[in-house]
Amino acid sequence: MTADLPSQARRLLDRLGDRAVVCDLYDRTGSPVYHDLAGTDTQEVRELIALVRRVPGPVLDLAAGSGRLTLPLLALGREVTAVDLSEGMLSLLAARLEEAPARLRERCTLVRADMRTFSSPARFAAIVLGTSSISLLDAPGRTALYGTVRTHLKPGGRFVLSTIELNDLDGAEEVEVAFAGASGRSYRFFERWDPDAGHRVVAVCPAELPEGQVTVCTSTIGVVAADLLEAELTRAGFAVRSRHALTAPGARHRDILLEAEVVE
């Protein structure tokens with residue numbers, strides 16, 4: 001895995017040597033870092049909540065993570081089933097729910113499951129998949145997901161999902177940026193985006209390296225263009241009802257929110 005990392009991140013690991021503790025961004029060690037980074041992006045949350053507000057009824061939050069969407073959905077007054085495969089992420093969400101008012105906590109069900117094969121007798125007015133988590137799945141995985149969503153959507157329900165694309169690289173396949181998390185902690189964020197490989201590789205470490213061990217979180221994240229998602233959804237029996245650009249022009253990444261409905 002480290003051989004695929006951005007060159008700046010590899011140099012950092014070489015310099016740290018045995019002090020480096022490399023983990024996955026989504027495992028129990030990396031989950032708090034992911035939670036901190038994801039907490040700074042509020043635009044997708046506002047747009048997604050606005051779409052869900054139009055469809056009354058229970059919500060299925062797929063790849064719920066630490067609850068970036070779950071808690072706002074609960075605040076709408078909805079019953080929410082939050083599904084994630086990562087034990088670390090669900091532990092973070094459970095801890096957040098313990099601190100939430102009982103009226104929210106009592107309307108949330110946590111399920112550790114693969115979103116491709118999740119099964120429940122319940123049907124949902126809205127199914128959401130945020131934070132471009134669709135990129136965690138390959139093409140067969142996405143096909144399985146669409147089947148799961150069709151099975152669990154109520155008639156007239158909405159499937160709302162986001163994806164991320166890359167704007168013009170201008171020759172910069174690798175970048176390093178300073179990043180402040182929701183907690184105020186500062187990070188170094190390394191990214192290598194290989195258009196030919198269809199994925200990006202990221203690494204995150206503290207901006208100020210502590211004495212002793214240094215945690216470096218890494219992940220390889222697929223890239224799924226919105227046009228491809230629309231075509232796949234259409235083949236799977238959905239109609240895309242709306243498409244929302246979430247990123248300001250000129251940004252390196254282009255975030256897009258899709259709203260789809262099952263075609264009867």
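Values in this document were obtained by computation on a predicted structure and should not be read as measured data.
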Minimum side-chain heavy-atom gap Val202-Ile221 below 4.5 Å: yes
Value rounded to 0.5 Å, distance of SG in Cys108 from CG in Leu73: 9.5 Å
Close side-chain approach of Leu145 to Ile134, heavy-atom, < 4.5 Å: yes
Partner set under salt bridge (charged side-chain N to carboxylate O under 4.0 Å, His left out) for Arg200, not counting sequence neighbours: Glu191
All side chain to side chain donor-acceptor pair (under 3.5 Å) counterparts of Arg188, not counting sequence neighbours: Glu176
From CA spacing to verdict: side-chain contact (heavy atoms from CB on, under 4.5 Å), Val59, Phe124: CA-CA 5 Å; Val59 180; Phe124 301 90; 5.6 Å; no
All side chain to side chain donor-acceptor pair (under 3.5 Å) counterparts of Asp27, not counting sequence neighbours: none
Val21 with Leu209, same ILVMFWY side-chain cluster at under 4.5 Å: no
Sole candidate of Arg54, Arg158, Arg241 that passes side chain to side chain donor-acceptor pair (under 3.5 Å) when paired with Glu259: Arg158
Side-chain (Arg116) to main-chain (Arg142) donor-acceptor, under 3.5 angstrom: no
Aromatic ring pairing Tyr146/Phe238, orientation class (parallel under 30°, perpendicular over 60°, tilted between): perpendicular
Heavy-atom closest pair, residues Ala226 and Leu258: O-CD1, 4.2 Å
Closest heavy-atom pair and its distance - Leu25, Ser219: CB-CB, 4.0 Å
Pairs satisfying side-chain hydrogen bond (donor to acceptor under 3.5 Å, both in side chains), at least one member in residues 60-70, at least two apart: His35-Ser66, Asp41-Arg68, Glu44-Arg68, Asp61-Thr70, Arg68-Thr131
Rounded distance (nearest 0.5 Å) linking atom OG of Ser132 with atom CG of Leu257: 11.0 Å
Partner residues of Thr40 under the side-chain contact (heavy atoms from CB on, under 4.5 Å) criterion, sequence neighbours left out: Phe179, Ala182
Verify same cluster id: Val55, Val262 (apolar side-chain graph, 4.5 Å): no
Heavy-atom side-chain proximity of Leu13 to Val216 below 4.5 angstrom: yes
Any Glu98 side-chain heavy atom under 4.5 Å of Leu93 side chain: no
Check: Thr151 and Arg123 side chains under 4.5 Å, non-hydrogen atoms: yes
Common cluster, Val128/Leu76, ILVMFWY with side-chain heavy-atom separation under 4.5 Å: yes
Working for side-chain contact (heavy atoms from CB on, under 4.5 Å), residues Phe190 and Cys205: CA-CA 9 Å; Phe190 308 93; Cys205 72; 4.0 Å; yes
Atom pair CZ (Arg46) and CG (Leu246), whose distance is rounded to the nearest 0.5 Å: 9.5 Å
Residue pairs, two or more places apart or on separate chains, that pass side-chain hydrogen bond (donor to acceptor under 3.5 Å, both in side chains) and touch residues 73-88: Arg28-Glu87
Heavy-atom donor-acceptor pair, Arg185 side chain to Pro206 backbone, under 3.5 Å: no
Side-chain heavy atoms of Ile256 within contact of His244, under 4.5 Å: no
Closest non-hydrogen atom pair, Leu90 against Leu110: O-CD1, 4.2 Å
Leu97/Leu74 under side-chain contact (heavy atoms from CB on, under 4.5 Å): CA gap, chis, key distance, verdict: CA-CA 10 Å; Leu97 287 170; Leu74 290 168; 3.8 Å; yes
Atom pair CG/NE2 of Asp138 and His199 - distance to nearest 0.5 Å: 13.5 Å
Path from Leu228 to Val149 over hydrophobic side-chain contacts below 4.5 Å: yes
Residue pair Val175, Phe189: steps toward the side-chain contact (heavy atoms from CB on, under 4.5 Å) verdict: CA-CA 8 Å; Val175 295; Phe189 181 91; 5.7 Å; no
Ser186 and Glu208: side chain donor to acceptor below 3.5 Å: no
Check: Glu165 side chain, Ala225 main-chain N or O, donor-acceptor pair, under 3.5 Å: no
Partner set under salt bridge (charged side-chain N to carboxylate O under 4.0 Å, His left out) for Asp227, not counting sequence neighbours: Arg243
Leu85: partners by side-chain contact (heavy atoms from CB on, under 4.5 Å), with sequence neighbours left out: Asp114
Side-chain donor/acceptor of Arg19 to backbone N/O of Pro210, under 3.5 Å: yes
Set of residues satisfying side chain to side chain donor-acceptor pair (under 3.5 Å) with respect to Gln213, sequence neighbours excluded: none
Residues forming a salt bridge (charged side-chain N to carboxylate O under 4.0 Å, His left out) with Asp24, sequence neighbours excluded: none
For the student: nearest non-hydrogen atoms of Ala125 and Leu153, plus distance: O-CD2, 4.0 Å
Side-chain touch Thr109/Val111, heavy atoms, less than 4.5 angstrom: yes
Heavy-atom pair of closest approach, residues Pro72 and Gly67: CD-O, 4.0 Å
Polar side-chain atom of His152 near backbone of Ser120 as donor-acceptor pair, under 3.5 Å: yes
Residues that Thr143 engages under side-chain contact (heavy atoms from CB on, under 4.5 Å), provided they are two or more places apart: none
Contact summary for Ala203 and Thr218, nearest pair of heavy atoms: CB-CG2, 4.1 Å
Nearest-0.5 Å distance that lies between atom CZ in Arg96 and atom OG in Ser91: 13.5 Å
Main-chain N/O of Ser7 paired to Glu174 side chain as donor or acceptor, under 3.5 Å: yes
Gap between atom CD of Glu47 and atom CG of Leu51 - 0.5 Å precision: 7.0 Å
Hydrophobic cluster identity match, Leu92 and Val80, side-chain contacts under 4.5 Å: no
Expected output: side-chain Thr117 to main-chain Ala113 donor-acceptor under 3.5 Å: no
N/O donor-acceptor pair under 3.5 Å between Asp36 side chain and Ser183 backbone: yes
Results of ring-ring contact (aromatic ring centres under 6.0 Å, His included) for Tyr26 - residues two or more places apart only: Tyr34
Side chain proximity check, Leu62 to Ile127, heavy atoms < 4.5 angstrom: yes
